[in-house]
2 protein chains.
Amino acid sequence: MRRRYITIKDIAKALDISVATVSRALRDKYDVSFETRQKVLDMAAELNYKPNFNATGLVQRSTHNLGIIIPSITNYYFSTVITGIQRVAQENGFNIILYLTNDSPEAEVTIVKNLAGSSLDGLLACVSAHANNCSHFQEMIDDGLPVVFFDRVASEIQTSKVMQDDYNGAFAAVEHLISCGYKRIAHITGPKGLFLTENRMKGYYKALEKYGLSLNEDVIIHSGFSQQDGEADVRQLFGAGKDRPDAIFAVNDRKGIGAILALKKLSVQVGKEVGVVGFTNDPISQIISPTLSTVSEPAYEIGKIACELLLKHIRKTNFPAEQVTLSGELIPRESTSRSQNFIIS
Amino acid sequence: MRRRYITIKDIAKALDISVATVSRALRDKYDVSFETRQKVLDMAAELNYKPNFNATGLVQRSTHNLGIIIPSITNYYFSTVITGIQRVAQENGFNIILYLTNDSPEAEVTIVKNLAGSSLDGLLACVSAHANNCSHFQEMIDDGLPVVFFDRVASEIQTSKVMQDDYNGAFAAVEHLISCGYKRIAHITGPKGLFLTENRMKGYYKALEKYGLSLNEDVIIHSGFSQQDGEADVRQLFGAGKDRPDAIFAVNDRKGIGAILALKKLSVQVGKEVGVVGFTNDPISQIISPTLSTVSEPAYEIGKIACELLLKHIRKTNFPAEQVTLSGELIPRESTSRSQNFIIS
DNA sequence: CAGTTTTCCGGCAACGTTAACGTAAACGTT
DNA sequence: AACGTTTACGTTAACGTTGCCGGAAAACTG
C-alpha cells in the first residue's frame, strides 16, 4: 500500500474549484477559461501531480499498456524488434508489458488465457516455434483485443501482420550460393508448419528450380532455431556414409553460426569447401571467422511498424488489417567466398 | 474503448446475491459458505470472468506492475537479466514494464519523472553509463516506491542492490593474465564514476600490486561499453609511438571482442603476442576466434534475485535494504593462451 | 433593453472492486 | 429461556477520474 498521491481533488481544493473543472483544464478540453486553466496547470506542477492510470483506465475502459508475447529476448533479432516496439510505444505514452513463452506452446496458451483482458489495450505477438494451434489468439481478438503479429505470424488469423520478405530473402540467399558455384545445397530450417519456415523454404525451392538444380529432401532438415540445432543438423548432414552437401542455407544466423562451428570441428574449410549463408544479419555474423554471409532483416523497423499498426487498431475500431512485408538485403561475406583461405583454429 | 467485460456484478445478478459476497468468494476469504463459494466459482468460470486490474489497483493503491529501467536490451547480459526478472515476476503474478534509456542520462531522468507513480508497484533499475546524479531515483524512493538496483548501481542511494563481484572478478582476470606471463597489462574500462567501473578497476590495481607490477595510467582508458569503444581504445593503445601493452583487460566481453577484432586488424597475434580477457561470459566469447577468456557473470541469477528482493520490499514496508554480491568464475580460453597459433583471417 | 446565445463552471453518476460495518439467523451456554 | 457467539450474508462508501447535464453569468443580438 503506497503513500497517497496528489489527486485532482487536492488541486480542486487548493484552488477552491470543482474537480470537473480541474479535469477539463488538465486535459486541455472545452469549457474552461484561459486563466483557470493556467492556475490549474501551475498548481498541478507545484504539487507534482501525476494522473492515476487506474482511475482513468477504469472510466475509459483502457490502460495504456501493450502486451508483447515473444519466445525469448536473448537474441539479437528479438531484442531489436522489442527496442523498436518500445520506442514507438514510449513516444505515444504507452507502456509495454513483456511475456516470455520460451517457445513453449503450453506457456503461450497459459499466458494468453490469463491476460486479464482489461489490463491491456493491445497485443503484439510472435508465436512460439512449435505452436500447432492459435485459437487462443483468435479468442482475444473476438474479445475485442487488437492483436498484431510480427515475424512468426499465425497465417490463419485475420489481423495485421508484419514480417520480412522471407520468400525473396531466401531466394536471394540460395541464388547467391548457386552463383558462387555451389551445387548441392542443404537447407537447415525451423519447425514445419510455421509460416516463416514455409516461406523461406519456398524461396529455397524456387531458386533451385530456376537454376535447374535437383531437389533433394535428404538435405532439408527441420529442427529448432538455436545455434545448437544448427550444429546438430550439420553433424547429421555430414555423418558417416552420407552424400555430403557443398553448401548450407540456414534459416537464421544462429543456426548458420552453429553450422560454421560444426564444420570447423569437422575440419571442413568453410567457404572454400562448403558455403554457408544465414538470415538476419546478427552482429555476431561479422565477428565469427569466417564471417557469415546473410540476408539482413529490418528488425527494428519491424518492431516499429508492428507497434504503429497496433496503435492504429487501438485508436480506430475496425481498422482494416494490413499485411506488411519488409525486404532485406543479401550481404555476401567470407562464408561464401571460395577465394580466401581460412585456417581452422 | 473495449467491449465490456464480465464483472462481479454480473455474477452477483446471475446468482441473486450481493457483489460483496462474490468478491469474497472469488478471493477465497472469510465470511462465505462452501456452497456459495462453489456457485460463484462455477458461474465465474462459465461467464469467463476476468478481474479488472484497474479497479483492484484503484481501491488497493497498487497495480501488479514492476518497472525495469535499463540502458538497452540488445546484448546478452541485459537480456538475460531481464529474462530472470521476468520469470520471477510472472510466477508471482506481476507484469514487467520495460523502459529503455539508451544510456542517456536525460532520457533516464525523463522516464523516471514521468513514471506515473500509481501505475507501478516497484522499480528495478540499472543506471545509465554517464549518469552524474541519481536524485531522481531518490525522489521515487522518498515517494514510497520501492527501488532495487542491479549491475550498475547508484552507490549513494540507500536501498537494495544486486551485482556481481566486480572486484574479485577483475582481480582474478588480471591475476590470470599475470600468471600467463603478460607483464604490461592495459585496462580498457567504462566511464569514470560508475560503481561497477570503480570496482573492476580496484581489482585490477590490486592484482598489479600483489604481483609487484608497476601501475601505468597511460594504459588505462575510460570510454563506453560497446564493441566499437573497445576497438577505438585498442587503436589508441597501439597507436604510433606508443609503448604497447602485451595484454588487455576489458571491462566486459563486448569491449574484449572489439579489442580482439582491432588487434587482428593490426596483425597482432592474440594470445601469443597480446593476451585479452573480458568480463561477462557472453556466448559470443566462445564463437570469436580466438575464443575470449573471461569472467562469468550470473546474469539470470542477478535478475532473479533482484526481482525477489523487490517483491519483498513491496510486500513488507521497511524491509531492510540488502546488498547481494554474486561471484563469477574465471574462464580461461584461447585469447590468453600463448601455446596456440592463431592465424589472422 | 429584453431576449438569445455563448462561456464557464459545478453537481452527480458511473467505471469495477474492496473494506468496514451492520445484521439476521443459527448455534451454544448456563 | 435469556444471553452471548459465530456464521454468512448485504449495505454502503470509498478509490481517482471522466462525461453528461444543468445553470448562472457574461456576451452578443436586434
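Convention: sequence-line order gives letters A, B, ...; per-chain numbering from 1.
For the pair His64(B) NE2 and dT17(C) P, the computed distance is 15 Å after rounding to whole Å. The CG-C1' distance, from Asp31(B) to dT23(C), rounds to 12 Å in whole Å. Counting to the nearest Å, the C1' atom of dC15(D) and the CG atom of Asn52(A) are 8 Å from each other. Between Leu47(A) atom CG and dG16(D) atom P there is a gap of 14 Å when expressed in whole angstrom units. Atoms NZ (Lys13(B)) and C1' (dG16(C)) sit 13 Å apart, rounded to a whole Å. If you take CD1 of Ile8(B) and P of dT12(D), they are 16 Å apart, rounded to a whole angstrom. As a whole-Å value, the separation of Phe53(B) CZ from dG16(D) C1' is 19 Å. Note: CG (Leu15(B)) to P (dA8(D)) measures 17 Å, nearest angstrom.
A close approach under 4.0 Å does occur between a side-chain nitrogen or oxygen of Ser18(A) and OP1 or OP2 of dG10(C). Listed pair Thr36(B) / dC9(D) meets the phosphate criterion, a side-chain N or O lying under 4.0 Å from OP1 or OP2. Side-chain N/O atoms of Lys50(A) include none lying less than 4.0 angstrom from OP1 or OP2 on dG16(D). For Ser33(A) and dC8(C), the shortest distance from a side-chain N or O to OP1 or OP2 is not below 4.0 Å. For the pair Arg27(B) and dA19(C), the criterion of a side-chain N or O lying under 4.0 Å from OP1 or OP2 is met. Between Tyr5(B) and the phosphate of dT17(C), there is no side-chain N or O to OP1/OP2 separation shorter than 4.0 Å. Checking the phosphate oxygens (OP1, OP2) of dT18(C), no side-chain nitrogen or oxygen of Thr56(B) falls inside 4.0 Å. In terms of phosphate contacts, Ser23(A) brings a side-chain nitrogen or oxygen within less than 4.0 Å of OP1 or OP2 of dT18(D).
A donor-acceptor pair under 3.5 Å links the side-chain atoms of Arg27(A) to the main chain of Ser23(A), judged by distance alone.
Along DNA chain C, the nucleotide closest to Leu58(B) and the one closest to Ala20(B) are compared, and the more 5′ of them pairs with Leu58(B). Mapping Asp16(B) and Val22(A) onto DNA chain D via the closest heavy atom, the residue that lands nearer the 5' end is Asp16(B). Projected onto DNA chain D by closest heavy-atom contact, Ala55(B) and Thr21(B) fall at different nucleotides, the more 5' of which corresponds to Thr21(B).
Note on ring orientation: taking the six-membered ring where Trp is involved, the planes of Phe149(A) and Phe137(A) are perpendicular (angle over 60°, cut-offs 30° and 60°).
Classification of Lys50(A) and Asp143(B) as a salt-bridged pair fails, no side-chain N sitting under 4.0 Å from a carboxylate O. Contact check on Glu35(A) versus Lys39(A) returns no salt bridge, with no Lys/Arg side-chain nitrogen under 4.0 Å from an Asp/Glu carboxylate oxygen. By the 4.0 Å N-to-carboxylate-O rule, Lys312(B) lies too far from Glu308(B) to be salt-bridged with it.
Of all non-hydrogen atoms in Thr101(B) and Ala107(B), the two that sit nearest each other are O-CB, 3.6 Å.
Residue side chain Arg24(A) does not reach the base of dG19(D) through any donor-acceptor N/O pair under 3.5 Å, judged by distance alone.
Contact annotation for Tyr49(A): backbone-only contact, meaning every heavy-atom pair under 4.0 Å involves sugar-phosphate atoms and none involves a base.
Looking at Asn133(A) and Ser135(A), their side chains do bring a donor and an acceptor atom within 3.5 Å of each other. For the 3.5 Å distance criterion, the side chains of Thr63(A) and Asp121(A) qualify, holding a donor opposite an acceptor.
For Gln60(B), the listed nucleotide lying nearest its side chain is dT18(C); candidates were dT18(C), dC9(D), dG10(C).
Rounded to 10°, the angle separating the first-five-pair axis and the last-five-pair axis of the helix from dC1(C)-dG30(D) to dT30(C)-dA1(D) equals 40°.
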